[in-house]
Q: 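For reference, the structure I am asking about is given below.
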Protein chains: 2
Amino acid sequence: MTTTGKRGPYRGTAARRREIVDAAAEVFGESGYRAGSLKDIAGRVGIDASSLLHHFGSKHVLLEAVLADKVSRDAQALHWDEEIEPAEFPAALIRLAERNAANPGVIGLYTVLLAESTTVDHPSADFFRDRHATTRRDFLRGFDAMAEAGLLAEDVTPQEAALSTLAIWDGAQTQWLLDPGAIEVVAVLRGHFRRITRVEV
Amino acid sequence: MTTTGKRGPYRGTAARRREIVDAAAEVFGESGYRAGSLKDIAGRVGIDASSLLHHFGSKHVLLEAVLADKVSRDAQALHWDEEIEPAEFPAALIRLAERNAANPGVIGLYTVLLAESTTVDHPSADFFRDRHATTRRDFLRGFDAMAEAGLLAEDVTPQEAALSTLAIWDGAQTQWLLDPGAIEVVAVLRGHFRRITRVEV
DNA sequence: GTCTATATTGGGATAGAC
DNA sequence: GTCTATCCCAATATAGAC
């Protein structure tokens, strides 16, 4: 047994890596990838930047670990694997938005890196392009099921619902990051679902 | 008379400054502010970075010039000063979106800097916070007038219309930058107006 | 596993010649 | 107005001692 707890010299490498990934997610969310420094990340863990690089060979590798971690946490929170009733689909998305609102850090990480990834030669461009395509597909599947059950508003196609939901969600989060008092992400999303569906949220 | 044309040694300082601002807008849009280098900007103009700094004392000053230039161009395109008929308000916004779609560089500049400005210690944080507040007010005024004329959809408040329009617009532009084939900004905006108003767009 | 020391690169900015 | 040369600083990454 090599991991004996969360602290102390026998805490283990796995725990240290977890600490680093968490700190990196914080820093990348606050400063972006390029402007976020390994020194800052290492400082929050209480080690030197060169020690950090002992665990993750390069900044790029660390970024990938952070993104992979976020994907696995999101999947866990959403339970995409379980079947979701068409009528429950909007409510499931609202729950995810509420969970994000309670963890402001994840909003920054996602929103800042998303926009940064549209710049030239950005290491996470492919990641976000793939991830947005996947999200669009997931949304489309959910709204397709709603359409079949007659739960979409008149003249709203599943495609339209998927694209507009993703757009309004991202945009609301950006506005919230810029000025937290100016907008409530969950309320905007509820209003959107009220307009494009026939179910209560 | 010191400015005799667009090229040649007597082109004038004003023309050179214009070239620099245009190149800076390109580079900041493609790479963001922090990652965009003065060397890159100067290279596109055909001068050295130190020559650039002769015209604009620092990178920060150049950024402010770029943002001020964008504001004045937008104001010119929108003609906010002239009165807009309530029924024409959505169409006016669509025109602006169409104009942006024709100048992809503008979208990158705005969207990338907007998200970057949410990171810690960013020099344009105040600018974008103020600008978004102003835009929200402008939108609110337009939708208020529509509400008075009975042109908003049922159960849609002017406040809701303003916030959601800004969010869906920003979000759609981000998606477009990430993957230009995946979304059409103007179509998403049209769909949104179709749902929140009673006018044809 | 962590540190110190260092290599290397690239950034913004200044001084001074022309 | 523009260039070359230079300064200073911060960053990622590596080497090697402990």
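Computed over heavy atoms, backbone and side chain alike; hydrogens, waters and symmetry mates excluded. Proteins come first, then strands; the chains are lettered A, B, ... in the order of their sequence lines, and each starts at number 1.
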Q: Output a table of donor-acceptor pairs, distance under 3.5 Å, between side-chain atoms of residues 154-162 of chain B and any protein atom two or more places apart or on a different chain; print 'none' if there are none.
A:
unit_1: B:Thr157; atom_1: OG1; unit_2: B:Glu160; atom_2: N; d: 3.0
unit_1: B:Glu160; atom_1: OE1; unit_2: B:Thr157; atom_2: N; d: 3.3
unit_1: B:Glu160; atom_1: OE2; unit_2: A:Arg194; atom_2: NH1; d: 3.4
unit_1: B:Glu160; atom_1: OE2; unit_2: A:Arg194; atom_2: NH2; d: 3.2
unit_1: B:Glu160; atom_1: OE2; unit_2: A:Arg195; atom_2: NH1; d: 3.2

Q: Rounded off to whole Å, could you give me the NE2-to-C1' distance for the B:His60 and C:dG11 pair?
A: 17 Å
Q: For B:Leu53, report the nucleic acid contact type (base, sugar-phosphate, nothing); a contact means any heavy atom under 4.0 Å.
A: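 Base, at least one base heavy atom under 4.0 Å.
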Q: Can you list everything that forms a side chain to side chain contact (heavy atoms under 4.5 Å, CB included) with A:Leu67? Sequence neighbours excluded, please.
A: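 Listed in chain order: A:Leu63, A:Leu113, A:Ser124, A:Phe127, A:Phe128.
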Q: How about A:His192 and A:Ser164: do any of their side-chain heavy atoms sit closer than 4.5 Å?
A: yes
Q: Nearest whole angstrom, please: distance from the P of D:dT2 to the CZ of B:Phe56.
A: 12 Å
Q: Would you list the atom pairs, donor with acceptor, under 3.5 Å between side chains in residues 170-187 of chain B and any protein atom, with sequence neighbours excluded?
A:
unit_1: B:Asp170; atom_1: OD1; unit_2: B:Tyr110; atom_2: OH; d: 3.4
unit_1: B:Asp170; atom_1: OD2; unit_2: B:His132; atom_2: NE2; d: 3.0
unit_1: B:Thr174; atom_1: OG1; unit_2: B:Asp170; atom_2: O; d: 3.1
unit_1: B:Gln175; atom_1: OE1; unit_2: A:Arg136; atom_2: NH1; d: 3.3

Q: Which pairs of donor and acceptor atoms, one on a side chain in residues 86-107 of chain B, lie under 3.5 Å apart (sequence neighbours left out)?
A:
unit_1: B:Glu98; atom_1: OE2; unit_2: B:Arg190; atom_2: NH2; d: 3.1

Q: Whole Å only: how far is the NE2 atom of A:His54 from the P atom of D:dA15?
A: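 It is 15 Å, rounded to the nearest whole Å.
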Q: Can you measure A:Leu62 atom CG to D:dT12 atom C1' for me and round it to whole angstrom units?
A: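 Between C1' of D:dT12 and CG of A:Leu62: 12 Å.
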Q: Measure all distances between protein nitrogen or oxygen atoms and nitrogen or oxygen atoms of nucleotides 4-6 of chain C, and list the pairs falling under 3.5 Å.
A:
unit_1: C:dT4; atom_1: O4; unit_2: A:Ser50; atom_2: OG; d: 2.9

Q: Check side-chain hydrogen bond (donor to acceptor under 3.5 Å, both in side chains) between B:Thr118 and all other residues, then give those that pass, not counting sequence neighbours.
A: none
Q: Residues in side chain to side chain contact (heavy atoms under 4.5 Å, CB included) with A:Ser58, at least two apart?
A: A:His60, A:Val61
Q: For residues 35-47 of chain A, pull every pair meeting side chain to side chain donor-acceptor pair (under 3.5 Å), keeping only residues two or more places apart or in separate chains.
A: A:Glu26-A:Arg44, A:Glu30-A:Arg44, A:Asp40-A:Arg44
Q: Once you round it to whole Å, what is the distance between C1' of D:dA13 and NZ of A:Lys59?
A: 12 Å
Q: Among residues at least two apart in sequence or on other chains, which ones pass ring pair (Phe, Tyr, Trp, His ring centres under 6.0 Å) with B:Tyr33?
A: B:Phe28, B:His122
Q: Check this for me, if you would: do B:Arg141 and B:Asp144 make a salt bridge, where the nitrogen-to-carboxylate-oxygen distance has to be below 4.0 angstrom?
A: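 No, no charged N to carboxylate O under 4.0 Å.
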Q: Please work out which residues in residues 109-121 of chain B have a non-hydrogen atom less than 4.0 Å from an atom of DNA chain C and list them by number.
A: none
Q: For DNA chain D, what residues of residues 28-45 of chain A have any heavy atom nearer than 4.0 Å?
A: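 Those residues whose heavy atoms fall under 4.0 Å from DNA chain D, taken from residues 28-45 of chain A in numerical order, are A:Gly36, A:Ser37, A:Leu38.
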Q: Could you pull out all residues at least two apart from A:Asp126 that satisfy side-chain hydrogen bond (donor to acceptor under 3.5 Å, both in side chains)?
A: A:Arg129
